[in-house]
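Bear in mind that the values here come from a model prediction, so they are computed numbers and not experimental data. Quick note on labels: first sequence line is chain A, next is B, and so on, each numbered from 1. The figures here come from the full heavy-atom set of this structure, side chains too, leaving out hydrogens, waters and symmetry mates.
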Amino acid sequence: MKVGSGKPDFVRAMVAEDMKTGKWGGRVHTRFPPEPNGYLHIGHAKSICLNFGIAAEFGGKCNLRFDDTNPVKEEEEYIRSIIEDVKWLGFDWGDRLCFGSDYFEQMYEWAEQLVKAGKAYVCDLNAEETREYRGTLTRPGEESPYRNRSVEENLDLFRRMRGGEFSDGSRTLRAKIDMASDNLNMRDPVMYRILHAAHPRTGDKWCIYPMYDWAHGLEDSIEGVTHSICTLEFENHRPLYDWFLDELGVYHPQQIEFARLNLSYTVMSKRKLLQLVEEGYVKGWDDPRLPTISGMRRRGYSPASIRNFCGRIGVNKFNSTVDIALLEHCVREDLNKSSPRVMSVLRPLKVIIDNYPQGQVEELKAINNPEDASAGMRKVPFFRELYIEQGDFMEEPPKKFYRLAPGREVRLRYAYYITCTEAIKDADGNIAELHCTYDPATRGGDSPDGRKVKATLHWVSAAHALPAEVWLYEHLFTKENPDDAAEGEDFKSNLNRNSLEVLTGCKVEPSLEGAAPLSRYQFERMGYFCVDPDSLEKRGLIFNRTATLRDTWAKIQKQQQSR
RNA sequence: UGGGGAAUGGUGUAAUGGUAGCACGAGUGACUCUGGAUCACUUAGUCUAGGUUCGAAUCCUAGUUCCCCAGCCA
């Protein structure tokens with residue numbers, strides 16, 4: 001599957017160069033290595049598209065690998081969701097579903113090898129002492145008093161660590177590198193810590209667990225990865241990645257770092273997403289307002305639109321924030337071509353066609369998708385009583401308002417021209433219903449006398465419409481950069497209070513009867529909507545708004561108001 | 001103030017010594033049975049200062065700004 005568009009980014013250029021020089025024997029093997037401690041988000045999608053995309057483009061392979069080396073943070077549920085999300089995005093790892101934990105035994109043997117070579121030692125410093133000995137950014141560290149234990153003692157202690165003799169945090173296995181290194185990662189990094197915790201996959205077999213720096217390169221090496229693509233913050237870790245593999249003398253992949261994705265008006269860090277979920281600011285990991293893959297799926301994003309987005313944003317080595325408008329553009333672009341049109345009234349206003357025969361029903365032909373002739377036609381019922389959108393009528397229309405008003409004629413899409421004769425108000429002075437007349441000669445929506453109208457409205461038959469609930473979403477945050485908060489406040493203070501608006505009493509076209517969960521539609525003139533998975537079991541039809549359509553009138557209104 | 005990275009329109013990205021291009025956004029207009037879509041046009045950029053060169057986003061020097069690193073997280 002071709003994911004990228006146009007010119008190769010610097011990673012692809014590197015891979016292409018390696019193919020030319022035969023560095024890896026003509027092989028390309030990447031991996032997507034999530035830690036199962038949260039749900040995947042659009043930032044991960046960038047990495048997924050990069051890794052799987054490169055493999056596909058160069059005739060290579062890409063593994064899905066869980067970097068599950070920390071049992072206290074990782075859960076089965078996350079593994080399940082990650083598998084589902086990567087698959088949904090359209091990628092295939094074949095039989096290469098891998099787990100770092102499957103290599104624990106091999107990693108342990110390699111650790112013993114380093115101990116025997118005098119390159120690793122058991123250290124009795126606790127966490128706080130370790131930190132003190134490490135020094136600071138500008139001051140070199142000091143060597144641990146346990147640094148020069150004999151190989152025999154280290155081996156004995158390390159085996160007893162594995163055997164469960166010692167308590168959590170009481171000892172570590174450390175690489176013996178250089179406490180004076182400018183790179184803090186090289187100041188005798190911890191390889192193993194003691195953690196008497198059950199692991200989702202290995203149960204209680206282990207009470208020592210490998211650290212990322214020790215484990216990751218080994219996982220890549222074992223799997224025969226050629227290009228180990230990770231994010232920028234690991235650039236400082238590459239010397240360590242290389243050191244372990246070199247000291248072991250094993251197959252040595254190349255680590256390449258790229259910048260993670262930032263998106264305006266949202267947050268991407270797992271920590272912040274977890275906080276929003278746990279503290280109830282959103283309804284769960286799959287809340288449609290979240291940039292999680294599951295949230296976007298529920299919102300109505302298509303896998304193709306996400307892949308397309310990832311191909312457009314590029315890959316680089318500097319931090320940047322992509323305008324969320326580009327993401328929205330990508331969904332609209334895809335959904336415009338693929339989604340069936342339907343007429344739904346979100347905020348209904350009753351219309352009575354006074355001169356339309358009582359009890360009569362006509363089935364009018366409507367086009368399912370003007371962008372796709374193969375989508376065919378459908379019938380929509382027309383009736384004496386209808387609903388139109390409240391916003392499509394104004395008693396005193398301002399300039400540039402083309403829609404219905406007293407005495408004005410408009411077209412009902414695929415139906416008739418109607419003219420408003422009277423607006424009935426309720427006790428509070430709100431418009432309660434409209435009386436109109438229709439012109440029978442305009443059946444289907446065209447006037448034989450060539451008469452033009454300025455507006456075409458969507459509508460539903462009051463007798464046939466289905467009730468529905470529609471959830472409208474706006475950006476989760478009011479600020480482009482949610483972290484831009486006042487003194488003493490954090491990103492949560494920038495949460496958009498209007499990010500969700502629940503509309504009840506909506507009226508949707510009868511053809512939507514039994515619409516499948518997650519199916520996507522364009523509600524004409526209103527936007528793209530997706531059937532919420534909770535729909536059927538709970539309160540009947542529920543739709544999530546994926547994106548609005550471009551709304552020229554809303555723009556004019558805004559301009560008029562700001563004047 | 002140690003080390004490692006990086007700077008191109010509002011935003012994201014091309015141009016590897018030879019016309020600064022594309023996309024999103026914004027604006028204007030055309031068209032339209034979705035004020036949708038589509039199409040056309042416009043807008044706006046090489047971090048700064050020197051230098052090399054016929055010619056610099058690209059090479060050199062100095063500076064500025066931003067990001068990452070002091071978890072027994074990944």
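Candidate nucleotides B/rU34, B/rC72, B/rG5 were compared by shortest atom distance to the side chain of A/Glu524, and B/rU34 ranks first. For A/Gln522, counting side-chain heavy atoms from C-beta on, the closest listed nucleotide (B/rU34, B/rC73, B/rG27) is B/rU34. Closest contact between the side chain of A/Phe318 and the listed nucleotides B/rG3, B/rU13, B/rC73 involves B/rU13. The nucleotide whose nearest atom lies closest to any side-chain atom of A/Leu326 is, among B/rG4, B/rC72, B/rC24, B/rC24. Taking the side chain of A/Leu137 as heavy atoms from C-beta on, and the options B/rG71, B/rG36, B/rC69, the nearest nucleotide is B/rC69. Which of B/rA6, B/rG12, B/rA26 sits closest to the side chain of A/Ile313 comes down to B/rG12. For A/Arg312, taking side-chain heavy atoms from C-beta onward, the closest of the listed nucleotides B/rG3, B/rA6, B/rA23 is B/rA23.
Not a single donor-acceptor pair, N or O on each side, falls under 3.5 Å between the base of B/rG4 and the side chain of A/Arg238.
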Under 3.5 Å, which N/O atoms of the protein pair with N/O atoms of nucleotides 44-47 of chain B?
none

Check nucleotides 37-39 of chain B for protein N or O atoms closer than 3.5 Å to its own N or O atoms and list the pairs.
from: B/rA37; atom 1: OP2; to: A/Arg550; atom 2: NH1; distance (Å): 3.1
from: B/rA37; atom 1: O2'; to: A/Asn336; atom 2: ND2; distance (Å): 3.0
from: B/rA37; atom 1: O2'; to: A/Glu371; atom 2: OE2; distance (Å): 3.1

Tabulate atom names and distances for all N/O pairs under 3.5 angstrom spanning the protein and nucleotides 64-68 of chain B.
from: B/rC67; atom 1: O2'; to: A/Asn319; atom 2: ND2; distance (Å): 2.8
from: B/rC68; atom 1: O2; to: A/Asn236; atom 2: ND2; distance (Å): 3.2

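One finds no salt bridge joining A/Glu389 and A/Arg525 here, because no Lys/Arg side-chain nitrogen approaches an Asp/Glu carboxylate oxygen to under 4.0 Å. Salt bridge A/Glu35/A/Lys73: absent, no basic N to carboxylate O contact under 4.0 Å.
Counting heavy atoms from C-beta outward, A/Asp68 and A/Arg201 have side chains that approach closer than 4.5 Å.
B/rC73 atom C1' lies 11 Å from atom CG of A/Asp67, rounded to whole Å.
Shown here, B/rG21 is classed anti by the O4'-C1'-N9-C4 or O4'-C1'-N1-C2 angle, which is more than 90° from 0.
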